[in-house]
Amino acid sequence: QVQLVESGGASVQAGGSLRLSCAASGYRYSSYCMGWFRQAPGKEREGVAAIDNDDSTNYADSVKGRFTISQDNAKNTLYLQMNSLKPEDTAMYYCAAGAPRSYGGSCPLSLYEYNNWGQGTQVTVSS
């Protein structure tokens, strides 16, 4: 089980970019997934992107082509590069870990599959 700390959230204008980081400590089992989730006020928490130890990725349709999830295993750090930001991207962003691969081999975007969570970092995109 890992401990997760997010950073990099900020207030930006529409069309801008941000890179979020998630520093992980503790042991990460290689067969499990990590992911980014977000939750806006009054909305349900939703999956944004997920990645496994072999760098296979899975993205929500709403962010495909704009966001990129990656990891630096040597630094035990997960990243989310966010480009072409829109006001609807405004949310608290959470890093999560511990999900097994779903049937078919991909990492899930369902929050119920993840066991470990960070405290979140706020992203605000103004129009």
Side-chain angles (χ1 to χ4, degrees):
Q1 185 167 311
V2 300
Q3 294 76 52
L4 307 171
V5 180
E6 303 95 333
S7 63
S11 180
V12 299
Q13 293 185 342
S17 298
L18 284 173
R19 188 178 74 165
L20 306 183
S21 298
C22 173
S25 61
Y27 190 81
R28 178 188 177 187
Y29 292 97
S30 62
S31 62
Y32 285 78
C33 303
M34 296 188 69
W36 287 98
F37 294 76
R38 66 186 183 185
Q39 187 168 21
K43 302 291 186 180
E44 296 181 354
R45 189 173 298 187
E46 62 178 352
V48 175
I51 190 168
D52 71 9
N53 61 294
D54 292 322
D55 294 330
S56 294
T57 58
N58 190 17
Y59 294 94
D61 289 341
S62 60
V63 305
K64 286 181 179 177
R66 299 190 298 122
F67 291 10
T68 302
I69 188 171
S70 62
Q71 61 192 345
D72 186 331
N73 292 324
K75 297 180 179 179
N76 291 321
T77 302
L78 182 73
Y79 302 99
L80 184 68
Q81 179 66 47
M82 305 186 295
N83 299 325
S84 301
L85 284 163
K86 305 174 180 179
E88 50 262 46
D89 295 318
T90 295
M92 184 73 73
Y93 282 72
Y94 299 90
C95 176
R101 294 180 183 86
S102 61
Y103 183 77
S106 63
C107 286
L109 294 176
S110 171
L111 63 92
Y112 301 106
E113 299 294 327
Y114 291 83
N115 298 320
N116 309 118
W117 294 87
Q119 294 301 306
T121 185
Q122 179 68 40
V123 172
T124 301
V125 184
S126 60
S127 61

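If you're wondering where the values come from, they're calculated on a predicted model, not measured in any experiment.
- Residues V123 and L4 are members of one and the same hydrophobic cluster, defined by side-chain heavy-atom contacts under 4.5 angstrom among Ile, Leu, Val, Met, Phe, Trp and Tyr.
- Distance alone, capped at 3.5 Å, places no donor-acceptor pair between the Y114 side chain and the C33 backbone.
- Using a 30° and 60° split on the angle between ring planes, F67 and Y93 fall in the tilted class, from 30° to 60°.
- One finds the CD atom of E88 at 10.0 Å from the OG atom of S127 (value rounded to the nearest 0.5 Å).
- Counting only distance, with no hydrogens or angles, the side chain of Y59 and the backbone of I69 share a donor-acceptor pair below 3.5 Å.
- Cluster membership for W117 and M92, using ILVMFWY side-chain heavy atoms within less than 4.5 angstrom, is shared.
- The heavy-atom pair separating S84 from S17 by the smallest distance is N-OG, 4.3 Å.
- P100 approaches E113 most closely through the heavy-atom pair CD-O, 3.9 Å.
- Note that CG of D52 is 7.5 Å distant from CD of Q71, once rounded to the nearest 0.5 Å.
- Electrostatic pairing of K86 and D89 does not count as a salt bridge here, judged by no charged N lying under 4.0 Å from a carboxylate O.
- L111 is not connected to I51 by any chain of hydrophobic side-chain contacts under 4.5 Å among Ile, Leu, Val, Met, Phe, Trp and Tyr, and they are in different clusters.
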Please walk me through it: do T121 and S7 pass side-chain contact (heavy atoms from CB on, under 4.5 Å)? CA-CA 6 Å; T121 185; S7 63; 5.5 Å; no

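- Residues F37 and L109 share a closest heavy-atom pair of CE2-O, 3.3 Å.
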Please lay out, stage by stage, how C22 and Y79 fare under the test side-chain contact (heavy atoms from CB on, under 4.5 Å). CA-CA 6 Å; C22 173; Y79 302 99; over 6 Å; no

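- Residues G98 and N115 come closest through the heavy atom pair O-ND2, 3.4 Å.
- Proximity of a side-chain donor or acceptor of E6 to a complementary backbone N or O of Q119 within less than 3.5 Å is detected.
- A side-chain donor-acceptor contact under 3.5 Å links T90 to the backbone of V125.
- Within the model, atoms CG of N73 and CG of D55 stand 6.5 Å from one another, a figure rounded to the nearest 0.5 Å.
- By the criterion of side-chain heavy atoms lying less than 4.5 angstrom apart, applied directly or through intervening Ile, Leu, Val, Met, Phe, Trp or Tyr residues, M34 is grouped together with M82 in one hydrophobic cluster.
- V63 is connected to L78 through a chain of hydrophobic side-chain contacts under 4.5 Å among Ile, Leu, Val, Met, Phe, Trp and Tyr, so both are in one cluster.
- From N53, atom CG reaches atom CZ of R101 across 5.5 Å, with rounding to the nearest 0.5 Å.
- Of all the heavy atoms in S21 and T77, the pair that sits closest is CB-CG2, 4.3 Å.
- In this structure, CZ in R45 is found 13.0 Å from CZ in R38, a value given to the nearest 0.5 Å.
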